[in-house]
Every structure is written in structure tokens, then in C-alpha cells.
Colleague: 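Below are the C-alpha cells for one structure; questions will follow.
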Amino acid sequence: MQLSEQEILRRENMEKLRELGIDPFPPEAFDVTAYAKEIQEEFNDEGDKPNFQDVSLAGRLMGSRVMGKASFAELQDSTGRIQVYIARDEICPGEDKDMYNKVFKKLLDIGDYIGVKGHVFRTRMGEITVHVTELKVLGKTLSPLPVVKRDEEGNVYDAFTDPEQRYRQRYLDLTVNPHVREIFIKRSRLVSAMRRFFDDRGWLEVETPILQPIHGGAAARPFKTHHNTLDMPLYMRIANELYLKRLIVGGFEGVYEIGKMFRNEGMDRTHNPEFTSMEIYVAYKDYNWMMEMVEKLLEYIAIEVTGHTKVEYEGNLINYAGPYRRLTMYESIEEYTGIDISGMDEAELRATCKKLHVEVDESMGRGKLIDEIFGEKVEANLIQPTYITDYPIEMTPLAKKHRSEPGLVERFELFVNGKEIANAYTELNDPIDQRGRFEEQLKLAARGDEEAMALDDAFLRSLEYGMPPTSGLGIGIDRLTMLMTNQHSIQEVLFFPQMRPQKKQEEAPEDTAE
RNA sequence: GAACCCGUAGCUCAGUUGGCUAGAGCACUUGACUUUUAAUCAAGGGGUCCUGGGUUCGAGCCCCAGCGGGUUCACCA
């Protein structure tokens, strides 16, 4: 590998540290007693007894301003940055001035881990600063970090913004871009808030198979793999619904799973091949109950993550406090197109699609046609949280028939900012009806619908042993995180979004010297 | 999968109709400076202009192909 000038220099600095008897990668622990953010927020220099008079901090050296025998430097720990003041005669009280003249001034580079001990004070310029009396090298960096500078007005210079580099070397992104770090902290808070909400209600977090013999529970193209010992194909799960329902059959009253799903489809601003979903099933409930539960859940999450029930997204202030507006699928289409499609058969729907300039093809059944109209004409208008309820039966083979409306099922989807973020049913627990629905899906598949669902005999068998009336819900965690953090790309809420493999370094052709 | 845009120093970017030895700031090196803060001042090093072809007296710039990235669309959550 060809080393850059700066990489060579850093390796030389590492060796020079060793020559001075300093281990550039010391094994022993360093005792941390204070953090940058804590000091910035809590330091009080008024009165006779300022606090933080004996502190020990560790982190990366992120910049230094050397002024001869005294210097200021930036220390960045897991909580933020703080200035440190290093005077030669303070860290080198004796005759030996190597620690300042050589180690600090020459051999330390931006990014190196150091530990400092000292006391906190405020400089003439008013900056809260750690006055260092002891300096210790905790770890050398051999590659130069991107250097991002900010001035007093907060203007950023030389920002590290190239998406490819940021995603491929996320550790650098996290090191130099504090706002990126914030997004992932919020993501973690979101997931833990959700977990807490469910746990507090006594529902059980479970894990179900990722490798499945039949990819059921949703309509999507799967990743296929192979198990050697069993010599059989296995699929990475596209959904976990059919397994979670088996646990409800087994007697758990509420089960939920937060985990990765895998879909072998396109990648773009809102799709990654693997993504995180939360699915929950609660016995003896229906979709009306579930709508109220989701309102409480999202309001709770919004407060836990952002501190408010109203959260800005793409210039819209989204209000997560319930109750949310509810529209049936038919009502929503009538509202945004002026056309009542509730009584239409397939041929009339097809004509309506044409009139509305909605593109359709021959494989589409009645449900799919309605879904196309909805997707084209309604979806983008649903900015504030809105429930769309009561979907055509053809689109939803796992939901129970509507209690009063023939041809519909008890299903809702929640839309925020024109995007679906949750999907829920009163679950179908009649095994005979369920088998019939699967058979309808097989017919759609035969007609050319690639998204039609596969029939799962093991799941049907479990229903025959009796599943209590149940409501189920799925929420896309990545998309919810995007909403709660005002991010517009799924890649910004995934630590390591899927990328093309990096171009390999080509082998140098074997030149024959002349 | 399709269209459009982009690729110049470690980072962020200039680079004129195609014309001298390819530039700036930061980073880096050397020196000065004991309360600075995008520290400052002085001097200096650093480039396969993504790769491979082509046009031309001459290509960072024009043409073709490839690689990588971004954006939009389609599919999906």
C-alpha cells in the first residue's frame, strides 16, 4: 500500500514516542472523572470555590494552537469538545521538557487519544478550559482525520460531506460531524422508548427465524440462500408476521419483535435491502384499539426523542398528539378525486384509472387498481398523521373481513408526510377463510402478480389449533427515525447503508524493464 | 432496471475558446510566540487531474468506453 506523506509522518512520530519510552498504545486503563459536556454545562467559576478543580478527561486531540511555551488544544470525548490549556512548565515541572517540546508539540497529531488531568478555569476570552497538569498518550492515529473547522458564527469550513466517504467510513463521519452522532443517539432513544412502552404494558419481546423455508407474511422478492446440512433452500425473511401469530396461538397475549427484514429489491432514498421493522400482536384486540394504541405510542416516542409532540419534517410541523384523522380508503379517494369508487367493479375501476391517468396493467385485480389510484392521487396529500382504513380484501390476505362492509377488510395504514409508516389489521384467525385467501393469492400469482403471497401450510395448521382474536401492527423503524430526526434519506439513519463494493485496486501490470 | 449530473493535493474547492512548470484555503513540515480559539506571522514539501482508448502540434478541459458516486423515476416498507 502506498502511504501518503502524512501517514508516513505519523508512523515516524509513533516510533519517536517509543524511543522516548512512551507506549503509543498503552494497555492500562485511564481513569475518567469528567466529561466535556458536563463541564461546559455545569462549571461555575463564581465565588470562592469553583467546581471541577480536580478532573481527568480522555478523548481525541482535535486541534491545537501552539504559542511557544503554552498552548491551547481541543479535546473531544464521547460527549463533545472542550478546550485544554497546556503550559510547558506545568506539565514538565522538572528539567526534562520532552513531554511538551517533543511529545505534545511534535509527536502528537490530530486524532490521537490523550488523557489529561487538571482543573477547570475560564480564560480571558471567556472560554471554559481545562488547565492541564498531566498529559498522557492513550492511542496514536496513523491516518489523518478530516479536519472540519467552525468559526464563531458557526460557519463550517472544509466540511466532511461526501456521502460515499461518510457511509464507507462512518467512524470518520461520527468523529467529525456531531449532528450525525445526534441522529443515531436519537435512533437509539426511539427504539428504547418503543421497547419501554411495550414492556410497561406487559408484552413480550421475542425473536423469530430470519432464515425461513417459505418467505411469508408480506409481498416482496426475497434473498435466497442454502443450508448445506439440510441441503435445502432457505430465504431471508421478508416479514415475521406468520411466526409471531404462531406465538399468539401458543398462548402469549402480546408479543413483539424489533428486527431486520430483507428484501431483494431496489435501493433508493427510502429503501435499503435490509431494514428494521417492529411488529406487534396483541390478543383480544381489534384494529380500532390498535389505532388508539399507536397514537399513544407515537406521542410517547416523539416526546422521548425530541422533547415535543410536534416535530418538524421537510418544513411541515407534524403533530403526533392523537387522535389522528381517520378516513376509509374509499372516502380518501373520493375526497381527493371527487369520485366514489365504492360500488365499482373491476371494469369500471379500470376505466376510472384511465380517466385519472393512473397507469395500470392487465395483471392488476380490483384491489391493486384501487391501491394504484390511492398511491397516485391520495397518499402525497396526507401530511399530518392520518389513518386510512378498510382496504379491499384482494390486497390484504392476512386481515379479517370487515365486520359490516362486504368486500373490505379491517386494516389501517398510518400516513405521515405522504408516506406510510405503519400497517395494522384485525388479524384473520379463521383457518378456513385464511386458506381461501391464500388460494386467491395463488390465482393472482398465476395471473402474473409477482407480489402475490405464498401459501404457508405450517401457519395454516397453527390457526386450526385456534388463534384468539388479535390485532397486529408493523412499523418501519428506519422511516420513523427519519421522521423524528428530520432526515430525508434512509442512509442517514443507518450506520452502514448498503453500498456497491469498492473498486478494487488494480494489480500493476508486470512491466519488463528495458 | 432507466435518465441526468459529478470525479483535480489528506479535506473543501478554483482552473477562461484546448495553450508556459496545474492553483487556493485548511491539513502537513521548519522557525517565532506562556490565556489562544477558523490563533497569528515567516518559509517549505505534497498531484497517476478516476481508469483505458481516441481527436489534436498540444487534453484537467473535447469524443467513446469502463469504474465509482450522487440525484430523479420505476418497484417496494
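Side chains are part of it too, since the values below use all heavy atoms of this structure and drop only hydrogens, waters and symmetry mates.
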Colleague: State whether A/Arg168 places a side-chain N or O below 4.0 Å from either non-bridging phosphate oxygen (OP1 or OP2) of B/G68.
Modeller: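 No, A/Arg168 has no side-chain N/O under 4.0 Å of OP1/OP2 on B/G68.
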Colleague: Are A/Arg88 and A/Tyr100 in a cation-pi contact, defined as NZ or CZ under 6.0 Å from the six-membered ring centre and within 45° of the axis?
Modeller: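 Ring-cation test returns no.
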Colleague: Select base, sugar-phosphate, or nothing to describe what A/Lys260 touches, counting heavy atoms under 4.0 Å on all strands.
Modeller: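 Touches nothing.
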Colleague: For the C1' atoms, the ones on B/G69 and on B/U51, what distance do you get once it is rounded to whole angstrom?
Modeller: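 Pairwise C1' distance, B/G69 against B/U51, rounds to 15 Å.
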Colleague: Does a nitrogen or oxygen in the side chain of A/Arg65 sit under 4.0 Å from OP1 or OP2 of B/U36?
Modeller: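 Indeed not, no polar side-chain atom of A/Arg65 lies that close.
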Colleague: Mind checking A/Asp478 for me? I need base, sugar-phosphate or nothing, with any heavy atom below 4.0 Å counting as a touch.
Modeller: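 Touches nothing.
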Colleague: Is there a donor and acceptor pair closer than 3.5 Å between the side chain of A/Gln6 and the base of B/A27?
Modeller: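 For A/Gln6, whose side chain was compared with the base of B/A27, there is a donor-acceptor pair (under 3.5 Å).
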Colleague: What's the CG-C1' distance between A/Asp371 and B/A77, to the nearest Å?
Modeller: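 Distance, rounded to whole Å: 13 Å.
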Colleague: In whole Å, what separates the P atom of B/U17 from that of B/U72?
Modeller: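 Their P atoms lie roughly 31 Å apart.
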Colleague: Assuming nearest nucleotide by heavy-atom distance, tell me which of A/Phe160 and A/Leu9 is located more 5' along RNA chain B.
Modeller: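 Final value for this comparison: A/Phe160.
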Colleague: Side-chain donor or acceptor of A/Gln83 under 3.5 Å from a matching atom on the base of B/U36?
Modeller: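 Indeed there is one.
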Colleague: Base, sugar-phosphate, or nothing for A/Glu420, non-hydrogen atoms under 4.0 angstrom?
Modeller: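 A/Glu420: backbone/sugar contact only, no base atoms under 4.0 Å.
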Colleague: Can you tell me which nucleotide in B/C11, B/U34, B/A77 comes closest to the side chain of A/Tyr85?
Modeller: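 Closest nucleotide among those given: B/U34.
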Colleague: Check A/Glu413 with A/Arg411, please: is the shortest side-chain N to carboxylate O separation under 4.0 Å?
Modeller: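 Between A/Glu413 and A/Arg411 there is a salt bridge, with a charged N closer than 4.0 Å to a carboxylate O.
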Colleague: Are any side-chain N or O atoms of A/Thr426 and backbone N or O atoms of A/Ser471, one a donor and one an acceptor, separated by less than 3.5 Å?
Modeller: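 Between the backbone of A/Ser471 and the side chain of A/Thr426 there is no qualifying donor-acceptor contact (under 3.5 Å).
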Colleague: Could a donor-acceptor pair under 3.5 angstrom be found where the side chain of A/Arg124 meets the base of B/U35?
Modeller: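 There is none.
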Colleague: Is the ring centre of A/Phe72 under 5.5 Å from the base ring centre of B/A39, and are the two planes under 30° apart, so that they stack?
Modeller: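 The base of B/A39 is not stacked with A/Phe72 (the test needs centres under 5.5 Å and planes under 30°).
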Colleague: Is any N or O donor-acceptor pair between the side chain of A/Asn423 and the base of B/A77 shorter than 3.5 Å?
Modeller: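 No, the side chain and the base share no sub-3.5 Å donor-acceptor pair.
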Colleague: Report which part of the nucleic acid A/Arg88 touches: base, sugar-phosphate, or nothing (heavy-atom distance under 4.0 Å, all strands).
Modeller: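 Answer is nothing: A/Arg88 stays at 4.0 Å or more from every strand.
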Colleague: Check the phosphate of B/A27 against A/Lys149, side-chain N and O only, distance under 4.0 Å to OP1 or OP2. Yes or no?
Modeller: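 Yes, such a contact exists.
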Colleague: Specify the separation, in whole Å, of atom CZ of A/Arg150 and atom C1' of B/G25.
Modeller: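 One finds 17 Å between C1' of B/G25 and CZ of A/Arg150, rounded.
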Colleague: Expressed as a whole number of angstroms, how long is the span from A/Lys105:NZ to B/C28:P?
Modeller: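 From A/Lys105 NZ to B/C28 P: 14 Å.
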Colleague: Nearest whole angstrom, please: distance from the P of B/G70 to the OH of A/Tyr167.
Modeller: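 The answer, rounded to whole Å, is 7 Å.
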Colleague: Consider the side chain of A/Thr123, meaning its heavy atoms from C-beta on, and name the nucleotide among B/U36, B/U34, B/G70 that approaches it most closely.
Modeller: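 Ranking B/U36, B/U34, B/G70 by closest atom to the A/Thr123 side chain puts B/U36 first.
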Colleague: Looking just at side-chain N and O atoms, do A/Gln83 and A/Tyr85 make a donor-acceptor pair shorter than 3.5 Å?
Modeller: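 Absent: no donor and acceptor within the cut-off.
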Colleague: Can a donor-acceptor pair be found between the side chains of A/Asp478 and A/Asn272 at a distance below 3.5 Å?
Modeller: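 Result is no, nothing qualifies.
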Colleague: Sticking with atom C1', work out how far B/A22 lies from B/G46, rounded to a whole angstrom.
Modeller: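 One C1' to the other, the span is 13 Å.
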Colleague: Is any N or O donor-acceptor pair between the side chain of A/Asp109 and the base of B/C28 shorter than 3.5 Å?
Modeller: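 It does not, because no donor-acceptor pair links the side chain of A/Asp109 to the base of B/C28 below 3.5 Å.
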